[in-house]
Amino acid sequence: DAGVIQSPRHEVTEMGQEVTLRCKPISGHNSLFWYRQTMMRGLELLIYFNNNVPIDDSGMPEDRFSAKMPNASFSTLKIQPSEPRDSAVYFCASSFTGVWTEAFFGQGTRLTVV
Amino acid sequence: AQTVTQSQPEMSVQEAETVTLSCTYDTSENNYYLFWYKQPPSRQMILVIRQEAYKQQNATENRFSVNFQKAAKSFSLKISDSQLGDTAMYFCALRSGGYQKVTFGTGTKLQVIP
């Protein structure tokens, strides 16, 4: 398996633009997590899905952020409109619920909003 | 709610020496897993070691071992014979709850000095 795949690896966008981050979890995994990493706050859980259903989105900073998981093999995190303070590394991770394994991480997307 | 606290933002250790990274956590669940992840400059999140809460024996993986104190809700990581390649951010993580949410601490930046 190729592991968790995120795209793009790097994204630079102007303030006010819409940004979409993509994630393909490991095949067979039924939990998916979106994290944001910054120097100030470390690794924050934004939202997580179980069997494609959002379970907890309490970490989503504000209404500008939204996440979807239309099927078991794809998820998106959208920011609209983007702001400079959204600049961070965004990680997607997946795991299998039922067997208490660790979460497997993608390479992350470094987002810079100028 | 579940929380993970790492109180040491930065640490350093001489090559070949031993270092211990601290982590405390809180959860109301009886069944949970604890993990230590390593994040080198490449940004990839790498699992170092895991501990099942129901196991009294401390987990060990080569030079890495944990001191799991369930009553105190403490989960420290000991790195023996530190190597230059151990230089990285280290994150403590807790997985618990019916949907097995994964929560991370803020990380400890470890520098191994030659």
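Sequence lines set the chain letters: A, B, ... in the order given, protein chains first and strands last, and positions in each chain run from 1.
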Apply side-chain contact (heavy atoms from CB on, under 4.5 Å) to residues A:Leu43 and B:Tyr37 and explain how you reach the verdict. CA-CA 12 Å; A:Leu43 207 59; B:Tyr37 281 83; over 6 Å; no
Identify which of A:Ala103, A:Ser58, A:Gly59, A:Ala93 forms the greatest number of heavy-atom pairs closer than 4.5 Å to chain B.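 Highest number of pairs under 4.5 Å: A:Ala103.
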Let's test your reading of the structure: which of A:Asn51, A:Ile55, A:Asn50, A:Leu45 forms the most heavy-atom pairs below 4.5 Å with chain B?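 Ranked by contacts with chain B, first place is A:Ile55.
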Do other residues, nucleotides or ligands put more than 12 heavy atoms under 6.0 Å from [X] [atom1]?
X	atom1	result
B:Lys70	NZ	yes
B:Gln56	CD	no
B:Asn62	CG	no
B:Lys73	NZ	yes

Between A:Phe104 and B:Leu47, is there a side-chain heavy-atom distance shorter than 4.5 Å?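 Answer no - side chains too far apart.
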So what's closer than 4.5 Å to chain B heavy atoms on A:Arg41: side chain, backbone, both or neither? backbone
Side chain, backbone, both or neither: which part of A:Gln37 has a heavy atom under 4.5 Å from chain B?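 Answer is side chain: those atoms of A:Gln37 sit under 4.5 Å from chain B.
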For the hydrophobic clusters of this structure (ILVMFWY residues joined by side-chain heavy atoms under 4.5 Å, transitively), does one cluster hold both [X] and [Y]?
X	Y	answer
A:Tyr48	A:Leu46	no
A:Val4	A:Trp34	no
B:Val13	B:Val66	yes
A:Phe91	B:Phe35	yes

Once you round to the nearest 0.5 Å, how far does CG of B:Leu34 lie from CD of A:Glu102?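 Answer rounded to 0.5 Å: 13.0 Å.
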Measuring from B:Phe104:CZ to A:Phe33:CZ, what's the distance to the nearest 0.5 Å?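 It comes to 8.5 Å.
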Residues in residues 38-46 of chain B near chain A [non-hydrogen atoms, under 4.5 Å]: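 The residues closer than 4.5 Å to chain A, in numerical order, are B:Gln39, B:Arg43, B:Gln44, B:Met45.
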Check step by step if side-chain contact (heavy atoms from CB on, under 4.5 Å) holds for B:Lys101 and A:Ser31. CA-CA 9 Å; B:Lys101 177 180 176 179; A:Ser31 286; over 6 Å; no
